[in-house]
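When a ligand or atom number is given, it counts from 1 through the structure's own listing order. Predicted, not measured: the structure shown is a model, and the values here were computed from it.
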Amino acid sequence: MKYLTIALAKGRLAELAIDMFIDMGLDCSEMKQKTRKLIFTDEKNAVKFILVKASDVPTYVEYGAADIGIVGKDTLLEEGRNLYEMINLGFGKCKMAVCGKANMRTKMFGVNNLKVASKYPHIAESFFRDEKGQTIEIIKLNGSVELAPLVGLADVIVDIVESGKTLEENGLEVLYDICPLSAWFVVNRVSMKMYTERIMSIVEGIRERIGNG
Ligand code: PRP
C-alpha cells in the first residue's frame, strides 16, 4: 500500500497534531521524544509523518511531496499555494492584527506610505491595499517584529497575537483585527482524487474528535 505522507508544521502545531493523531490510533508517539529526526513511519497504517518548517508546509503539499499538511491559516494566507483547505482543526487559535503604539490607532489609515513591518508581507499588503485602499511601505522582518515600532523602524506591525503578552510587555496594542487564525488540515489536489477513501477516513476520524461537520 502507498504510504500517505503528512507534513506537520514544526513547533506547537505539530505537538497538538501529534496528540490528535495518537488519539485517532495512528502511531506517531516516537515524535513526542525530542530527537532531530525529521521522518517518522507508522508501518501498520502506512503513514509517514514529516516535520517541516511551518512556512514550507504548503510547498510540500502543493508539489505532492506530502499528501496532507497541518499548518496555520496565517501560513496558508501568506504562501497562497494551490491546495485543498479541507478542515479547520480549531486548535492553535490566535489572530492576525495590525498592532502598534496607541497613538497610531486613529492616525494609521490616513498616512501615505505607512511603514508596516511584518513576517507576513503578502497578508499586510493585501489587507491595506484591498480592504483599506492604502499604499504602504513593507518592511519584511523574520522575528521579534514588536521591536520595529519601538525603535522607529516602522509605524505599525502586522503580526500574530495569541495571548497578547508580547504586545503588553512592550507597550504596544492591537489597533485593528485582520482575521482569526487556527490550524488547518490541507490536502494535495491530486492525492485527494487518488486516495479519496483513505484521506476521507482520516478526515472522519478528525471530525469525530473535533466535532466539526
Ligand atoms: C509570535 C508572534 C508574536 C507572538 C505573539 O512570535 O509573532 O511575536 O508570538 O504571542 P503572544 O500574543 O502570546 O505574546 P514567535 O513566538 O513565533 O517568535 P518570533 O517573534 O521570533 O517570530
Side-chain angles (χ1 to χ4, degrees), residues 6-20 31-32 34-36 38 49-61 66 69-81 85 88-105 108 114-132 134 136-186 210:
I6 305 180
L8 306 180
K10 268 194 215 169
R12 224 173 72 78
L13 285 192
E15 284 171 26
L16 294 167
I18 289 163
D19 288 339
M20 179 183 77
M31 294 176 90
K32 288 183 85 85
K34 297 270 172 267
T35 71
R36 302 199 71 112
L38 298 171
F49 293 90
I50 59 175
L51 282 176
V52 176
K53 190 176 159 73
S55 53
D56 292 336
V57 170
T59 313
Y60 278 79
V61 175
I70 308 288
V71 65
K73 183 72 177 175
D74 52 318
T75 307
L76 293 169
L77 289 170
E78 182 62 24
E79 297 299 315
R81 292 283 178 177
E85 294 183 14
N88 180 351
L89 295 169
F91 56 72
K93 276 199 177 115
C94 50
K95 66 181 177 186
M96 188 63 72
V98 184
C99 310
K101 292 185 185 163
N103 69 343
M104 286 309 292
R105 187 182 303 277
M108 65 174 175
L114 184 76
K115 280 199 208 164
V116 182
S118 188
K119 289 186 279 189
Y120 302 91
H122 292 120
I123 295 176
E125 272 199 281
S126 71
F127 168 72
F128 279 98
R129 186 190 56 228
D130 303 339
E131 286 197 31
K132 300 293 167 191
Q134 188 172 355
I136 59 169
E137 182 184 337
I138 279 283
I139 298 158
K140 165 79 166 72
L141 292 177
N142 297 299
S144 302
V145 183
E146 290 82 358
L147 260 180
L150 300 178
V151 298
L153 179 62
D155 299 315
V156 295
I157 62 173
V158 165
D159 200 14
I160 288 177
V161 180
E162 195 178 353
S163 65
K165 254 185 145 201
T166 313
L167 291 178
E168 195 187 313
E169 291 186 10
N170 291 289
L172 302 175
E173 294 180 7
V174 170
L175 303 174
Y176 198 94
D177 286 352
I178 298 180
C179 62
L181 302 169
S182 54
W184 278 73
F185 180 97
V186 300
I210 63 175

Q. Judging by distance only, is a nitrogen or oxygen of S144 under 3.5 angstrom from one on ligand 1?
A. yes
Q) For ligand 1, is there an atom lying under 4.0 Å from some heavy atom of E169? A) no
Q | Donor-acceptor under 3.5 Å (Q134 side chain, M108 main chain) | A | yes
Q) Between K73 and E85, does at least one N-O distance fall below 4.0 Å, as a salt bridge requires? A) yes
(Q) For the backbone of Y176 and the side chain of R105, can you confirm whether one donor and one acceptor N or O come within less than 3.5 Å of each other? (A) no
**Q.** Element-labelled atoms of ligand 1 that are located less than 4.0 Å from some non-hydrogen atom of T166
**A.** 4 (C), 5 (C), 10 (O), 11 (P), 14 (O)
Q. For ligand 1, which atoms sit closer than 4.0 Å to a heavy atom of I160?
A. 2 (C), 3 (C), 5 (C)
Q: Report yes if G164 has an N/O atom closer than 3.5 Å to an N/O atom of ligand 1; otherwise report no.
A: yes
Q. More than 12 non-hydrogen atoms from neighbouring residues, nucleotides or ligands closer than 6.0 Å to OH on Y120, yes or no?
A. yes
Q: Distance to 0.1 Å, residue and atom name: give those for the protein heavy atom nearest to atom 6 (O) of ligand 1.
A: K119 NZ, 3.6 Å
(Q) Give the atom numbers and elements of ligand 1 that come within less than 4.0 Å of a heavy atom of E146. (A) 3 (C), 8 (O)
Q: Look at the side chain of E137 and the backbone N and O of K115, then say whether any donor-acceptor pair between them is shorter than 3.5 Å.
A: no
Q) Is the closest protein non-hydrogen atom to atom 16 (O) of ligand 1 under 4.0 Å? A) no
(Q) For K140, I'd like to know if atom NZ has over 12 heavy atoms of other residues, nucleotides or ligands within 6.0 Å. (A) yes
(Q) Can you name the atoms of ligand 1, numbered from 1 with element, that are less than 4.0 Å from a heavy atom of G143? (A) 19 (P), 20 (O), 21 (O), 22 (O)
Q.
Heavy-atom pairs closer than 4.0 Å: do any link ligand 1 to the side chain of D159, the backbone, both, or neither?
A. side chain
Q | Numbering as shown, the atoms of ligand 1 that approach S163 to under 4.0 Å (heavy-atom distance) | A | 11 (P), 12 (O), 13 (O), 14 (O)
Q) Under the 3.5 angstrom rule, does the side chain of E125 hit a backbone N or O of I136 as a donor-acceptor pair? A) no
Q: Tell me, yes or no, whether the heavy-atom count around K132 atom NZ, taken from other residues, nucleotides or ligands under 6.0 Å, exceeds 12.
A: yes
